[in-house]
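When reading the values below, keep in mind they use all heavy atoms of this one structure, side chains included, and skip hydrogens, waters and symmetry mates. The sequence lines fix the lettering, A, B, ..., with proteins before strands; numbering per chain opens at 1.
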Amino acid sequence: MARILSRQFFNRSAVSVAPELLGKFLVRKRKGVIENYLITETEAYDGPNDLASHASKGKTKRTEVMFGPAGYWYVYLIYGVYEMLNVVTGPEGYPSAVLIRGVKGVDGPGKLTRQLGITRVFNKKTATKTSGLWIEDRGIVIPKTSIIQTSRIGVAYAGEWVKKPWRFVLKIGSASERRSHAA
DNA sequence: ACGATGATGAAC
DNA sequence: TTCATCATCGTA
C-alpha cells in the first residue's frame, strides 16, 4: 500500500507540503536497485517575495523550474560543493519549493544528495519512477507533537523572512540540533 | 573559525 | 568580463 505522491499532492503551498513530507519515503532507484529513505527534515521556500528563496530574484535560467508546475525536482549546486534537492510545489507561475534536508540516517542536505547520488542531472525531471527518484506515502501518520518547527537554516541574509518557522524536523530518528555560532 | 570550490546574478 | 555571494560540511 505504497502510494507515489502525485503532482496534486505537491500542487499546494510549500508551507503545507513541507511538514507533510515528514514520514514519507524518498525512493531512489539506481543500478536497478530500490533504496528507501524516511524523510526527517524539510524546509519551505514560498513565493516570489520570500527573500530566502532563489525565486525572489525573479525567473532566471536556474530558477525557472520553481515557476513551473508542481512535482518537478529542483537541484542546484551550492558553495561549489554540494547539490541541494528540492521538489517544486504550488501552481504554475507561483515559485515555491520544498528543500529536503535530511532522511533517517543522513543528516544534512549536502550529505543526503552525495549519499544517494543525486546531482543536477535530476534538475527539471519529475518526481516519478521514470526519473529514478520519487516519494511514496506508506501510510505512516506523523502526529503534530512529533514535529519540531524552527526557522530556516543558512538564510541569515533574508531580512524579515529569516523568522519564518518554515523548517520541519521529525523528533524521532535523528536530525540533531547542531549549529554553532560566533558571538 | 574557516576554507574548499564553482555556478549564479548583477554590475561594469 | 569581473566580482561578491552562496538553502553546506569537514577540519581546526
For this session: With A/R62 as the cation and A/Y76 as the aromatic partner, state whether NZ or CZ is under 6.0 Å from the six-membered ring centre and within 45° of the axis.
Result: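 The answer is yes; both the distance and angle limits are met.
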
Exercise. What is the nucleic acid contact for A/V81, judged by heavy atoms within less than 4.0 Å: base, sugar-phosphate only, or nothing?
Worked result: base

For this session: Tell me what A/G110 touches on the nucleic acid: a base, only sugar-phosphate, or nothing, going by heavy atoms under 4.0 Å.
Result: sugar-phosphate

For the pair made of [atom1] in [X] and [atom2] in [N], what is the distance, rounded to whole Å?
| X | N | atom1 | atom2 | answer |
| --- | --- | --- | --- | --- |
| A/E41 | C/dT8 | CD | P | 10 Å |
| A/D107 | C/dA7 | CG | P | 19 Å |
| A/Y79 | C/dC6 | OH | P | 7 Å |
| A/N86 | C/dT8 | CG | P | 11 Å |
| A/K57 | B/dA11 | NZ | P | 9 Å |
| A/Y74 | C/dC6 | OH | C1' | 11 Å |
| A/L112 | C/dA7 | CG | C1' | 13 Å |
| A/E83 | C/dC9 | CD | C1' | 14 Å |

Any side-chain N or O of [X] less than 4.0 Å from the OP1 or OP2 oxygen of [N]?
| X | N | result |
| --- | --- | --- |
| A/R167 | C/dA7 | no |
| A/Y82 | C/dT8 | no |
| A/R120 | B/dT8 | no |
| A/H54 | C/dA7 | yes |
| A/R62 | B/dA7 | no |

Among [options], which is the nearest nucleotide to the side chain of [X]?
| X | options | answer |
| --- | --- | --- |
| A/L77 | C/dT8, B/dG9, B/dG6 | B/dG6 |
| A/R101 | C/dT8, C/dG10, C/dC6 | C/dT8 |
| A/M66 | C/dG10, C/dC9, C/dA7 | C/dA7 |

For this session: State whether the aromatic ring of A/Y45 stacks on the base of C/dA7, taking stacking to mean ring centres under 5.5 Å apart and ring planes under 30° to each other.
Result: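 Stacked: ring centres under 5.5 Å, planes under 30°.
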
For this session: Please determine which of A/D137, A/T89, A/L21 meets the side-chain contact (heavy atoms from CB on, under 4.5 Å) test together with A/F9.
Result: A/L21

Exercise. Does a distance-only test, which skips hydrogens and angles, find a donor-acceptor pair under 3.5 Å between the side chain of A/Y76 and the base of C/dA7?
Worked result: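 Donor-acceptor pair under 3.5 Å: yes.
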
Exercise. Toward the 5' end of DNA chain C, which comes first, A/Y157 or A/K111, by nearest nucleotide?
Worked result: A/Y157

Taking atom [atom1] of [X] and atom [atom2] of [Y], what is their separation to the nearest 0.5 Å?
| X | Y | atom1 | atom2 | result |
| --- | --- | --- | --- | --- |
| A/E64 | A/Y72 | CD | OH | 12.0 Å |
| A/L26 | A/I135 | CG | CD1 | 6.0 Å |
| A/R152 | A/F168 | CZ | CZ | 10.0 Å |

For this session: Consider only side-chain N and O atoms of A/E92 and A/Y94, and report whether a donor and an acceptor are under 3.5 Å apart.
Result: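 Result is no, nothing qualifies.
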
